[in-house]
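Notes follow once the structure below has been shown.
Start at 1 and go down the list; that is how both ligands and their atoms are numbered. Residue numbers count from 1 along this sequence.
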Amino acid sequence: MRKKIVAGNWKMNKTIDEAMELAVKLQEESSSFPKNVEVVVAPPALYLATIEMIEDLGFSLSAQNCSHHDFGAFTGETSPAMLKAMNVKYSILGHSERRQYFHETDAIVASKVDACLRNKVQPIFCCGEVLEERKAGKHFDTVKSQVENALFHLTKEEFAKVVIAYEPVWAIGTGVTASNDEAQEMHAFIRATVEGKYGKEIADAVIILYGGSVNATNSAELFACPDVDGGLVGGASLKANDFMTIIKSAGQA
Ligand code: PGA
């Protein structure tokens with residue numbers, strides 16, 4: 001049985017006071033998180049160190065992005081070596097906003113995957129098609145090539161550390177969620193693609209999250225799909241009550 005992961009991607013939101021209020025609320029509720037669900041929070045990088053100092057945090061921390069270098073003259077960047085040293089377990093990589101606004105290519109994402117693994121930070125690798133690609137029936141090709149280009153150079157042992165997040169770009173922040181069938185179909189396709197490269201055991205074990213307008217109302221149904229192992233949640237992770245409802249729904253799925 002794969003565990004479920006519910007990850008909150010706060011993006012570039014909240015002042016430090018607001019961020020701490022939400023982090024402390026989640027810490028206080030953490031004893032009621034379902035045992036089969038790993039809760040992950042990805043605050044702005046600036047707040048990771050402060051949140052990490054909360055005692056008995058009860059959830060894992062993730063960066064939203066990181067450099068593909070370990071150290072050096074790279075002004076403004078955050079290194080996976082620094083993340084590891086601060087007990088940050090994951091980094092989101094290849095989010096569609098990074099691809100769109102910061103021109104991250106599959107090759108750049110692949111080198112970030114390598115940098116994270118080299119430093120023992122687990123990638124939460126994002127893939128997903130834009131609306132035009134889905135309309136043209138090219139969504140499977142797009143996702144397959146994103147997965148292949150960024151991940152398929154990894155060894156089995158390396159790949160086993162990667163979490164995949166399928167995030168159709170047309171569903172991110174739009175309030176339009178993929179239907180349960182659309183999500184399940186793509187997740188099963190990704191798992192089959194992984195099986196083709198790494199075999200059944202690795203494919204059965206890989207955690208594939210759904211992201212794109214997950215909210216407290218639709219999460220239970222999405223997470224009940226057999227190949228959907230939880231969610232990467234943006235907007236709804238900014239409100240403690242909604243995020244708690246989503247976490248609890250993953251426990252029942
Ligand atoms: P959303 O964002 O839940 O606000 O659609 C998801 C994401 O971008 O990870």
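For A236, the closest heavy-atom approach to ligand 1 does not fall below 4.0 Å. Taking 4.0 Å as the cut-off, A171 counts as a neighbour of ligand 1 on heavy-atom distance.
Ligand 1 places these atoms under 4.0 Å from at least one heavy atom of G235: 1 (P), 3 (O), 4 (O). Close approach of ligand 1 to L232 (heavy-atom distance below 4.0 Å) involves ligand atoms 6 (C), 9 (O). Atom numbering of ligand 1 starts at 1 in the shown order; those under 4.0 Å from a heavy atom of H95 are 7 (C), 8 (O), 9 (O). Close approach to G212 involves these atoms of ligand 1, each under 4.0 Å from a residue heavy atom: 5 (O). Close contacts of ligand 1 with N9, meaning ligand atoms under 4.0 Å from a residue heavy atom, involve 9 (O). Listed by number with element, the atoms of ligand 1 under 4.0 angstrom from any heavy atom of G173 are 1 (P), 4 (O), 5 (O).
Using cut-offs of 30° and 60° on the angle between ring planes, the pair Y166 and H187 is perpendicular.
A salt bridge does not link D70 with K84: none of the charged nitrogens is closer than 4.0 Å to a carboxylate oxygen. Salt bridge E148/K144: present, at least one basic N to carboxylate O contact under 4.0 Å. A salt bridge links K3 and E38; the closest N-O separation between the charged side-chain nitrogens and carboxylate oxygens is under 4.0 Å.
Separation of the Y210 and F223 ring centroids does not fall under the 6.0 Å cut-off.
Taking only nitrogen or oxygen atoms, main chain and side chain alike, K11 reaches within less than 3.5 Å of ligand 1.
Screening N36, D229, D204 against R2 for a side chain to side chain donor-acceptor pair (under 3.5 Å) leaves a single residue, D229. Partner of V162 under the side-chain contact (heavy atoms from CB on, under 4.5 Å) criterion, chosen from I207, I124, V206, L154: L154.
In terms of protein heavy-atom proximity, atom 9 (O) of ligand 1 is nearest to E167 OE2, 2.7 Å. Here the protein heavy atom with the shortest distance to atom 3 (O) of ligand 1 is G234 N, 2.8 Å.
Heavy atoms from both the backbone and the side chain of I172 come within less than 4.0 Å of ligand 1.
Contact of the I247 side chain with the P34 side chain is registered, since non-hydrogen atoms from C-beta on lie closer than 4.5 Å.
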